[in-house]
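Structure first, then comments.
Note that the coordinates shown come from a computational prediction; the quantities given were computed from them, not determined experimentally.
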Amino acid sequence: MTEYYDYVLGLIPLALFGLSGGLIEFGLTLPQAVPLAAGVAAGIVGHALFINGPVSATLNTRSDTDRSPSQSATSSRGNDNMPMNAD
């Protein structure tokens, strides 16, 4: 079953080769088309990393409704088992 990151891995070379080839056919030179296509590929990678980033399944299994009222009142950070660093 293909998921989001499978599509991302397929879109990176498609953007680099397909878009640069299309821009060359459109009339741009190779030194102009390749950086534009690489910018699109970098945008795809940036979206996959920062906008729709991978998350651990263990961090998302516990919600605020699973906590007792005393745990919800004492912790507003959302993840009690992560150490807090004051540095």
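Every side chain to side chain contact (heavy atoms under 4.5 Å, CB included) that L36 has, sequence neighbours left out, goes to L23, L28. Residues satisfying the side chain to side chain contact (heavy atoms under 4.5 Å, CB included) criterion with L16, sequence neighbours excluded, are I12, A38, A41.
Separation of atoms CG (L19) and CG (L11) is listed at 11.0 Å; rounding is to 0.5 Å. Taken from OG1 in T29 to CD1 in I24, the straight-line distance is 8.0 Å, to the nearest 0.5 Å. From Q32, atom CD reaches atom OG of S20 across 13.0 Å, with rounding to the nearest 0.5 Å.
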Between side-chain atoms of residues 43-51 and protein atoms elsewhere (two or more places apart, or another chain), which donor-acceptor pairs fall under 3.5 Å?
{"unit_1": "H47", "atom_1": "ND1", "unit_2": "Y4", "atom_2": "OH", "d": "2.5"}

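Minimum heavy-atom separation, L9 to P13: O-CD, 3.1 Å.
Within a 6.0 Å sphere centred on CZ of F17, heavy atoms belonging to other residues, nucleotides or ligands number 12 at most.
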